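Read the structure below first, then the notes.
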Amino acid sequence: MGWRNRSSLLFFLVLCIVHVIDAMNFRNNTHQAEYTQFLLANGVARTPPMGWNSWNHFQCNINESTVKTIVDALVSTGLAAVGYKYVNLDDCWAERNRDWRGNLRAKSSTFPSGIKTLADYVHARGLKLGIYSDAGYMTCSNTMPGSLGHEEQDARTFAEWGVDYLKYDNCYNDGSKPQKRYARMSYALQKVGRPILYSLCEWGQENPATWAGLYGNAWRTTGDINDTWESITSIADQNNIWGRYAGPGKWNDPDMLEVGNGGMSLEEYRSHFSIWAVMKAPLLIGCDVRSASKETLQILGNKEVINVNQDPMGVQARKLRSKDGLEVWAGPLSSKRVVVVLWNRGRSVAPISVTWRDVGLSPYKPVVVRDLWAHSFVSRNKRFRLTANVAPRGCKMYVLSPY
Ligand SMILES: *[C@@H]1O[C@H](CO)[C@@H](O)[C@H](O)[C@H]1NC(C)=O
Ligand SMILES: *[C@@H]1O[C@H](CO)[C@@H](O)[C@H](O)[C@H]1NC(C)=O
Ligand SMILES: *[C@@H]1O[C@H](CO)[C@@H](O)[C@H](O)[C@H]1NC(C)=O
C-alpha cells in the first residue's frame, strides 16, 4: 500500500469513528427530536443571522433613542440593504423587578416607550428586533431578572411585543445542565406562535455544537470576544473544530463582530470579518454604526464576502493548513464553487499558496478566480494553483468557480 492509500484508509477510519459517535449522540437525544423538527421547520436562520447588537460597543449604556438612531444609521449607510436586519438589544434593557403579575418590563428610565413601540419602529423600517435574557435568576449585569422558572411567561411577553430573536445567556444559573435550561426556553418559544430566532449563549462550556442544534438556531462556541488580535485568532481556532455541526437553521457562533471598535488595524478587521464570514458565523455588527468610518463600512458592507457567508449551501469552511502562522482556510459553496482564505497571522508579508487539489477541486480543473477584497478577477501564470503575497495579519479571500 502506498502512503497515499494508507493515509486515505486512516482518514476513512477516522470518519467512521466520527460518524459512530455522532450516531450515538443523536440516539441519546432522539426523545427531543419531535420538538426540534418543529423548531427547525420554522424557517428561521436558513443562512447565518445578520444584524447589530448593542453589547460590544455600548455594554449597559443603551436607551431607546440610541437604538433608534442606530436603526436609522443601519438604513442610511446601506447596511440594512445588504442584509443586516436584526437589531438586537443585549443586557440591561429591563427593570430589576418584574411587575405584579411577574412579567418583565422595560426599564422606564431608558426605554420609557416600551419594547413594543421599539419593535414597531424597527419593523416599520423593514428590520427585525432581537432581545436578550438569561437561563438563570439574573442576567450577567445583575441588573435585570433572568428567565429561569419564567420561560413560558417571558416567551409570551417577547412574542406579544413583536420580538424576532432571543439571545439567551448563562449567568446566575442554578448549576443544572444547560441542556435542560436551554431546552425549556426552546419549548416555550415554540409555543408562542411567532417564529423567534433562538441563540444559545452558554459560552461553549458543554460542547453545545453536539446538542444545541436540537433546540436553537445558533450557539456560542467560546467565551466572550474582545477587540484584540489574540481574541479573534483564539476564537477562530476554537470555533473551527465544530464545523461539521453547522448547517441551515443551526450555526456555530464565535461571538459578535468587533470591526469598527478601534482596537485593531483595518487589515486585522478584514481578517476577522473574512474568517467569520467563511465560518458561517452570525454576522452581528458590534460598533457604533452612526459614527463608523468609510473603511469600517467598506469592510462590513463587502457584498461579495457577505454572499459567501449567506451561501444557501451553508457549509462552514475549515482550516486546511497552518505552518508558521501562514494558514489556508477553505470550504465548499453552492454551484460547485469553493471559497479560500489565505491568512497570514505573522508580522511580515509572506507568500501563501494553494492548489486546486488542496481544496478538493479536481487538480486540472479550469477555474475562474475572484478576489473578494480587490473586487477583480485574478490572472495567473500557474494554472492549477494560486499564490499570493499576504500582508501581515491580513488575508486574501477568493472564490474559485470551475467552468
Ligand atoms: C449517552 O447517554 C448515556 C447515559 O446518559 C451516557 O453514558 C453515554 O456516554 C452517552 N453517549 C454519548 C455518545 O454521549
Ligand atoms: C441615551 O444615551 C445617550 C448616550 O449615552 C445619551 O446621550 C442620551 O441623553 C440618552 N437619551 C435618553 C433619552 O436617555
Ligand atoms: C481578550 O481575549 C484574550 C483571548 O481570549 C484574553 O487573553 C485577554 O485577556 C482578553 N482581554 C481582555 C481585555 O479581556
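Every number for a ligand or one of its atoms is a count from 1 in the order of the listing. What you see is a predicted model; the values in this text were computed from it and never measured. All heavy atoms count here, side chains included; hydrogens, waters and symmetry mates do not.
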Can you confirm whether some protein heavy atom lies under 4.0 Å from atom 2 (O) of ligand 2, or whether none does? yes

Output yes when the distance from some N or O of ligand 2 to some N or O of N63 is under 3.5 Å, and no in every other case. yes

Against heavy atoms of S65, which atoms of ligand 2 measure under 4.0 Å? 1 (C), 11 (N), 12 (C), 13 (C)

How far is atom 5 (O) of ligand 3 from its nearest protein heavy atom, and which residue and atom name does that atom have? S234 OG, 4.2 Å

Can you tell me if NZ on K177 sees more than 12 non-hydrogen neighbours from other groups inside 6.0 Å? no

Pick from D224, N226, T222: the one approaching atom 11 (N) of ligand 3 most closely through a non-hydrogen atom: N226

Indicate whether atom 7 (O) of ligand 2 is within a distance of less than 4.0 angstrom of some protein heavy atom. no

Heavy-atom count check: over 12 atoms from other residues, nucleotides or ligands less than 6.0 Å from R96 CZ? yes

Report yes or no: does N53 contribute a side-chain atom to a donor-acceptor pair with the main-chain N or O of L89 at less than 3.5 Å? no

W229 vs W343 aromatic rings, parallel, tilted or perpendicular, using cut-offs 30° and 60°? perpendicular

Single hit among F58, W55, W161, F111 for ring pair (Phe, Tyr, Trp, His ring centres under 6.0 Å) with W93: W161

NZ or CZ of R244 within 45° of W242 ring axis and under 6.0 Å: no

Going by heavy atoms, is T66 under 4.0 Å from ligand 2? yes

I need the nearest protein heavy-atom contact for atom 4 (C) of ligand 3: residue, atom name and distance, please. S231 CA, 3.8 Å

